[in-house]
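Below, chain A is the first sequence line, B the second, and so on; all start at residue 1.
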Amino acid sequence: MKLIRVIKGNCTGCGVCINLCQINALFLSGKTIQIKENCTSCMACVNICPVHALESQSEIYKSSIGNLKAKGIAILAEHDSGRISQIVAQLIGIAIILKKEIHEPVYAIIIGSNIENQIQELRHYDIDEILVYKNENLNLFNEDIQIDALTEIIKEKNPNIFIGGSTIFGRSVLPRIAARLSTGLTADCTNFSVRKGDKLLYQTRPAFGGNLMATIICEKRRPQMASIRQNIFQPALQQKGCNPKIIEFKQITLPKSKINFLEYLETQHCTTILSNAKIIVSGGRGLKEKKNLSLIYDLAESLGGEVGASRAIVDAGWIPYSHQIGQTGKTVNPKLYIACGISGAIQHLIGMKTSDMIVAINNDPNAPIFRIADYGIIGDLKEVIPEIISQLEKKRLNLT
Amino acid sequence: MLINIFIKQVPESIDIEMDAKTHTLCRESIAYQTNPFDLFALEEGLLLKEKYGGKTRVLSMGPPQAVKALEESLSMGADDAYLLSDPLFSGADTYATSYTLSSVLKLIGIGDLILVGKQATDGDTGQVGPELAEHLKITHVTNVRSIKEIINGKKVIISKMTEKGTALLEVELPALLTITKTDKEPRTPTLRDIVQSKRKFIDIFDSKRLKIDTMKTGLKGSPTKVIKTFKPEYTSEGRIFPMSDSISLSILLKELQKKQENNVE
């Protein structure tokens with residue numbers, strides 16, 4: 001929707017904005033800029049105009065909090081079972097890159113009970129401050145009061161950017177914090193860049209199951225919030241000699257949580273392992289019988305990978321839902337994905353097509369999975385898989 | 001029990017075409033369906049009503065054609081349907097959407113339980129549920145795999161899928177739950193259900209009826225803006241070969257071995 005107005009008296013027709021506009025919504029008519037109907041009101045032109053000839057009519061823009069004091073790049077350091085989660089190093093990795101661009105300090109935020117180990121882990125990263133809130137009532141599940149604590153820290157620290165993981169925890173607490181702060185949040189980002197000058201964060205994310213990429217900005221509200229897709233960004237490495245300042249927030253008081261953890265029903269860890277896995281071997285309808293699933297497990301074990309599944313064999317009850325990859329299952333992004341007997345319906349491809357290397361084994365040479373595969377073996381998986389396993393074993397023996 | 005279930009109409013195929021000039025969806029060629037996760041949420045709601053009595057309301061925001069999705073929900077057994085529709089709501093990000101959705105419940109009542117799908121297949125954000133809960137100031141839990149029991153209309157026992165496994169939680173009502181795929185396949189309405197549901201009424205709210213500040217809705221009320229869209233390139237010059245091609249197979253094995261070694265490190 002077009003929400004930008006040209007102030008004719010000011011416009012000199014210099015054309016700076018025309019070059020900037022990503023969607024060619026601006027053109028020169030005589031000596032004045034005109035705006036076409038396809039304008040998305042991204043405000044890029046308003047900011048760049050040297051003579052203040054472009055004006056926003058958007059309320060959000062006008063009512064900008066004037067949050068010019070917002071400073072710093074905060075990351076959410078989630079943790080589990082006494083260790084910081086794998087996503088944290090990836091968040092620190094991006095934060096360090098952004099720091100080079102915008103020259104603002106990096107903060108890691110950590111809250112919970114018994115978090116000394118996790119704080120020690122964080123101290124070995126090249127960050128400026130660790131913002132800590134300890135409360136023995138915090139556990140893995142009482143997200144309602146964790147949201148309270150995190151929001152208080154953000155309000156107090158007023159960072160320019162706040163990023164977290166696109167994990168189950170991140171995707172639950174971040175939207176709520178964003179809503180409470182009346183700011184925007186971009187989910188599942190796969191790329192960031194910074195606009196020089198005003199430090200605006202360009203956040204790129206996939207939508208429509210990865211069929212479309214969108215670049216998104218949060219112009220006037222702070223912090224600029226985003227969650228990041230797992231395993232896309234290079235993790236930061238721990239170093240010696242880092243000495244981040246530890247700042248403890250003691251004054252926060254929390255209400256009683258309305259969420260009470262009772263017990264674990266099943267503790268297959270496969271959810272986390274799938275989303276973090278470097279190698280995944282998946283089976284589909286082409287296995288024909290449940291007993292052939294053992295081939296998938298054997299190959300996964302041989303490669304040190306995890307087992308995934310197409311919807312077909314989950315619905316058939318061969319394997320729990322937590323293994324399902326695709327539109328109504330998980331999105332994974334391993335270094336190696338081996339699809340065995342999976343034809344490659346679009347719903348499955350959505351969940352795995354950003355994998356670094358895709359290998360497909362299928363007896364149908366026209367299976368759509370071959371169109372996105374880096375390697376495809378046309379053949380019966382009952383022959384192909386044992387052959388691969390035995391060859392891998394041979395090579396390993398030769399090596400050792 | 002008063003259960004509010006939010007649904008979204010989404011493109012049936014996500015293999016969408018973009019208009020190269022305007023960066024918008026080529027809408028004419030698109031068929032729509034109800035977001036798959038929302039149907040699981042609806043099924044959970046209908047089962048709860050059958051067990052504990054009460055009423056199920058189904059709500060959606062979208063263009064007038066979204067009544068189709070609401071009609072489907074009514075034929076599946078929802079009691080009432082509400083559509084929030086106004087050109088001033090279009091172009092909303094998750095913040096403006098959740099604000100608009102919250103305003104209707106502030107008028108007609110929050111009820112005991114709000115159910116939404118875990119995420120929509122078009123936007124894939126999963127943010128509207130938690131943001132809606134925030135606007136309503138009620139507790140939320142995401143990634144709910146099943147609703148086990150309601151205790152005295154005061155608490156709900158649920159199982160949540162987490163990275164460690166499935167956890168059993170007790171949550172005070174009112175609460176908002178985002179539902180993932182469950183074991184309960186959404187029901188298919190019979191012809192009789194469909195005919196009978198035609199008598200049910202879909203209440204349509206525009207911004208005036210919602211008494212909502214339109215500076216907080218739609219594109220105008222959205223903190224985030226899309227400035228560029230593009231189709232990602234997935235190049236595939238894959239090496240596809242039959243099992244008998246031993247040269248190709250040995251090249252692949254070398255690659256697999258490399259990955260295997262890197263994985264061990």
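Neither the backbone nor the side chain of A:Q224 comes within less than 4.5 Å of any heavy atom in chain B.
Looking at B:H140, its side chain does come within 3.5 Å of a backbone N or O of A:S172 through a donor-acceptor pair. In terms of modelled atom types and a separation under 3.5 Å, the side chain of B:Q127 and the main chain of A:L185 share a donor-acceptor contact. Looking only at distances, no side-chain donor or acceptor of A:R176 sits under 3.5 Å from a matching main-chain atom of B:L132. Using modelled atom types, one side-chain atom of B:Q260 and one backbone atom of A:S302 make a donor-acceptor pair closer than 3.5 Å.
Using a 4.0 Å cut-off between a side-chain N of Lys or Arg and a carboxylate O of Asp or Glu, A:R229 and B:D124 do not qualify as a salt bridge. Note on A:K258 versus B:E170: no salt bridge recorded, every NZ/NE/NH1/NH2 to OD/OE distance being 4.0 Å or above.
Taking CG of B:L256 as the reference point, atom CD1 of A:I338 lies at 5.0 Å (rounded to 0.5 Å). One finds the CG atom of A:L265 at 8.0 Å from the OG atom of B:S146 (value rounded to the nearest 0.5 Å). How far CZ of A:R195 is from CD1 of B:I227: 7.5 Å, rounded to the nearest 0.5 Å. Note: A:I361 CD1 to B:L252 CG = 8.0 Å, rounded to the nearest 0.5 Å.
Side chains of A:S182 and B:Y95: a donor on one and an acceptor on the other come within 3.5 Å.
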In sequence, state the C-alpha distance, the side-chain angles, and the governing distance for B:D183 and A:Y321, and then conclude on side chain to side chain contact (heavy atoms under 4.5 Å, CB included).
-> CA-CA 9 Å; B:D183 292 329; A:Y321 169 58; 5.5 Å; no
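Open room surrounds NZ on A:K256; 12 or fewer heavy atoms of other groups in view lie less than 6.0 Å from it.
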